[in-house]
Peer 1: 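Let me begin by handing over the structure; questions about it come next.
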There are 2 protein chains.
Amino acid sequence: MSQDGVDLGTSLGYLLKEASSVLRAAMEEVLRPLGMSVTHYSCLELLAQRPGLSNSELARGAFVTRQSMNVLLQALERDGYVTRPEQAPVGKALPAQLTPRGRRSLAKASAAVRAVEVRMLAGMTEAEQAGAFRILRSMIGSLRDDGA
Amino acid sequence: MSQDGVDLGTSLGYLLKEASSVLRAAMEEVLRPLGMSVTHYSCLELLAQRPGLSNSELARGAFVTRQSMNVLLQALERDGYVTRPEQAPVGKALPAQLTPRGRRSLAKASAAVRAVEVRMLAGMTEAEQAGAFRILRSMIGSLRDDGA
DNA sequence: CAATCTATGTCAGAATGCTGACATGAGTCA
DNA sequence: TGACTCATGTCAGCATTCTGACATAGATTG
């Protein structure tokens with residue numbers, strides 16, 4: 001076919017998109033019964049591992065804009081899963097924290113998501129997983145470096 | 001930390017999401033000057049390689065719902081990038097075709113996207129790319145098989 | 001043959017995320 | 001010090017995608 005075209009059948013980019021799409025669908029499937037979206041879960045997981053993250057930092061970690069994360073955070077705060085101080089201790093960034101309720105909610109979701117990840121890695125050796133890790137890191141680095 | 005948790009720093013699922021996010025951003029960046037979204041481009045590319053695909057088939061190929069693809073297809077048809085017969089030759093599926101205008105529009109986009117993919121693969125050997133292909137296929141298969 | 005199932009195209013409404021914009025706080029630098 | 005740059009939180013409007021629903025065409029099955 002075209003020399004400068006993109007053969008979807010052999011394109012790593014296309015495959016990456018497909019894998020991401022399937023993973024997202026699988027996560028949504030197990031999170032829906034818990035009344036949680038992927039972004040919702042990502043936010044809680046990020047806060048569990050790095051307490052005190054600001055809205056903007058959470059947004060970057062969940063790969064959405066800070067505006068989108070702000071909408072989510074306000075809902076999570078209203079429903080008692082997360083707390084933020086009234087005033088910023090420094091600058092304008094408001095460090096967010098999980099409440100006990102947030103931690104309980106996350107526990108179930110985290111187990112469910114872990115099961116999905118285990119399923120995804122089924123049939124892959126340790127070495128292959130390590131290779132996958134390195135390769136994905138390489139792709140991310142290459143795209144980011146020359147991005148700006 | 002938690003035994004049943006998901007360590008974002010070492011999670012292949014998280015890394016996959018990150019890679020997909022960065023790739024999408026890179027594609028949007030090069031497609032925006034052409035007035036084209038990623039789904040828009042995907043639709044044209046699919047039609048170039050597999051002429052006669054129906055709306056539902058295009059939706060599956062671009063990883064969106066058929067409703068979303070229908071909205072896009074109607075716009076593409078209105079603007080003269082794509083044609084569909086009035087009546088379905090068989091069943092209800094309407095086979096879509098690129099117009100010359102659609103092909104011209106695709107040519108530029110395809111080259112731009114290919115450049116992004118080349119950039120993404122920079123620094124990876126042939127063997128690593130083959131490994132990446134196999135690994136992504138494995139993940140997709142594992143998630144899909146046990147999905148239902 | 002009739003009933004059922006599956007897949008398709010399409011319409012309508014809702015949810016989600018994004019872009020644009022503004023004010024504010026902190027660091028930088030001349 | 002004062003101007004500038006940058007990051008942040010937040011509001012408003014818009015775009016895109018999704019879910020739900022319906023009618024229809026073909027395949028399957030009893």
Side-chain angles (χ1 to χ4, degrees), chain A residues 17 20-22 24-29 31-33 35-43 46-47 50 52-79 82-97 148, chain B residues 17-18 20-22 24-29 31-33 35-43 46-47 52-79 82-97 148:
Chain A
K17 188 174 173 183
S20 173
S21 169
V22 174
R24 183 175 195 86
M27 287 179 66
E28 280 172 350
E29 187 178 336
L31 288 175
R32 185 170 307 122
M36 208 178 287
S37 73
V38 174
T39 306
H40 183 142
Y41 158 75
S42 299
C43 176
L46 281 163
L47 276 180
R50 317 232 295 271
L53 251 42
S54 72
N55 174 47
S56 288
E57 292 169 324
L58 287 168
R60 280 191 291 270
F63 311 111
V64 297
T65 62
R66 61 179 198 256
Q67 291 90 332
S68 295
M69 182 55 75
N70 193 36
V71 171
L72 174 60
L73 259 187
Q74 286 177 348
L76 290 178
E77 211 173 356
R78 168 173 50 78
D79 297 342
V82 162
T83 52
R84 282 192 290 180
E86 283 291 323
Q87 291 235 337
V90 57
K92 292 191 67 179
L94 300 173
Q97 299 274 350
Chain B
K17 188 175 173 183
E18 180 171 4
S20 173
S21 170
V22 175
R24 183 176 197 86
M27 289 180 64
E28 281 171 350
E29 188 179 336
L31 288 175
R32 185 171 309 124
M36 208 178 289
S37 73
V38 174
T39 306
H40 184 141
Y41 158 75
S42 300
C43 177
L46 282 163
L47 276 180
L53 251 42
S54 71
N55 174 48
S56 288
E57 291 168 324
L58 287 168
R60 280 191 291 271
F63 312 111
V64 297
T65 63
R66 63 182 197 265
Q67 291 92 330
S68 296
M69 182 55 74
N70 193 37
V71 171
L72 174 60
L73 260 187
Q74 286 177 348
L76 291 178
E77 211 173 355
R78 167 174 50 79
D79 298 341
V82 161
T83 53
R84 281 191 293 179
E86 283 290 325
Q87 290 235 336
V90 57
K92 294 190 66 179
L94 299 173
Q97 299 273 349

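Just so it is clear, the structure is predicted and the values come from calculations on it, not from any experiment. Letters go in sequence order (proteins before strands), and every chain restarts at 1.
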Peer 1: Which residue lies toward the 5' end of DNA chain D, A:R60 or A:R32, if each is placed at its nearest nucleotide?
Peer 2: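 Its nearest nucleotide being more 5', the pick is A:R60.
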Peer 1: What's the verdict on side-chain contact (heavy atoms from CB on, under 4.5 Å) for B:C43 and B:L76, showing C-alpha distance, side-chain angles and the deciding distance?
Peer 2: CA-CA 10 Å; B:C43 177; B:L76 291 178; 3.8 Å; yes
Peer 1: Judged by each residue's nearest nucleotide on DNA chain D, which is more toward the 5′ side, A:P95 or A:E28?
Peer 2: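 Going by which nucleotide is closer to the 5' end, it is A:P95.
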Peer 1: Side-chain contact, heavy-atom cut-off 4.5 Å: A:R60 with A:E57?
Peer 2: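 Yes, their side chains come closer than 4.5 Å.
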Peer 1: What is the separation between atom CG on A:N55 and atom C1' on D:dT10, rounded to the nearest whole Å?
Peer 2: 9 Å
Peer 1: What I'd like to find out is whether the side chain of A:K17 reaches to under 4.5 Å of the side chain of B:S42, using heavy atoms alone.
Peer 2: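 They are in contact (side-chain heavy atoms under 4.5 Å apart), so the answer is yes.
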Peer 1: Answer yes or no: does a side-chain N or O of A:S68 lie under 4.0 Å from OP1 or OP2 of C:dC18?
Peer 2: yes
Peer 1: Taking atom P of C:dC5 as reference, at what distance in whole Å does atom NZ of B:K92 sit?
Peer 2: 19 Å
Peer 1: Is B:S56 touching bases, backbone alone, or none of the nucleic acid, heavy atoms closer than 4.0 Å?
Peer 2: sugar-phosphate
Peer 1: In whole Å, I'd like the distance from the CZ atom of B:R66 to the P atom of D:dG20.
Peer 2: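 Between P of D:dG20 and CZ of B:R66: 12 Å.
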Peer 1: Find the distance A:R78:CZ to D:dT10:P and express it as a whole number of Å.
Peer 2: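 Rounded to the whole Å, the gap is 15 Å.
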Peer 1: Please report, rounded to the nearest Å, how far the P atom of D:dC18 is from the CG atom of B:L72.
Peer 2: 12 Å
Peer 1: OP1 or OP2 of C:dG9 versus the side-chain N and O atoms of B:N70: is any pair under 4.0 Å?
Peer 2: no
Peer 1: Which atoms form the tightest heavy-atom contact between B:P85 and B:P95, and what is the distance?
Peer 2: CD-O, 3.1 Å
Peer 1: Using OP1 and OP2 only, check whether a side-chain N or O of A:R84 sits under 4.0 Å from D:dT10.
Peer 2: yes
Peer 1: What contact category does A:L94 fall into here, base, sugar-phosphate, or nothing, at under 4.0 angstrom with non-hydrogen atoms?
Peer 2: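 Here A:L94 touches the backbone only, sparing every base.
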Peer 1: Reckon B:Q74 has a side-chain N or O less than 4.0 Å from the OP1 or OP2 of C:dC11?
Peer 2: yes
Peer 1: Heavy atoms only: give me the nearest A:Q87-A:L94 pair and the separation to one decimal.
Peer 2: C-CD2, 3.9 Å
Peer 1: Rounding to an integer number of Å, can you tell me how far B:H40 NE2 sits from D:dA15 P?
Peer 2: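 In whole Å, D:dA15 P and B:H40 NE2 are 16 Å from each other.
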Peer 1: Enter the distance from A:Q74:CD to A:M69:CE here, rounded to the nearest 0.5 Å.
Peer 2: 12.5 Å
Peer 1: Rounding to a whole Å, what distance do you find between A:M36:CE and C:dA15:P?
Peer 2: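 Atom-to-atom, A:M36 to C:dA15, this comes out as 19 Å.
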Peer 1: Would you say D:dT17 has OP1 or OP2 under 4.0 Å from some side-chain N or O of B:T39?
Peer 2: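 It does, given that an N or O in the side chain of B:T39 lies less than 4.0 Å from OP1 or OP2 of D:dT17.
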Peer 1: Using a cut-off of strictly less than 4.0 Å, decide whether B:R24 has a side-chain nitrogen or oxygen near OP1 or OP2 of C:dC18.
Peer 2: no
Peer 1: Looking at the side chain of B:S54, which of C:dA26, D:dT10, C:dG9 is the nearest nucleotide?
Peer 2: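 Nearest to the side-chain atoms of B:S54, counting from C-beta on, is C:dG9.
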Peer 1: What is the distance from CG of A:L53 to P of D:dG9, rounded to the nearest Å?
Peer 2: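 Interatomic distance, CG of A:L53 to P of D:dG9: 10 Å.
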Peer 1: Start at the 5' end of DNA chain C and walk down; is the nucleotide closest to B:A93 or to A:V64 reached first?
Peer 2: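 The 5'-side residue here is B:A93.
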Peer 1: Would you state whether a donor and an acceptor, one from the side chain of B:Q67 and one from the base of D:dG20, lie under 3.5 Å apart?
Peer 2: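 Side chain to base: pair present.
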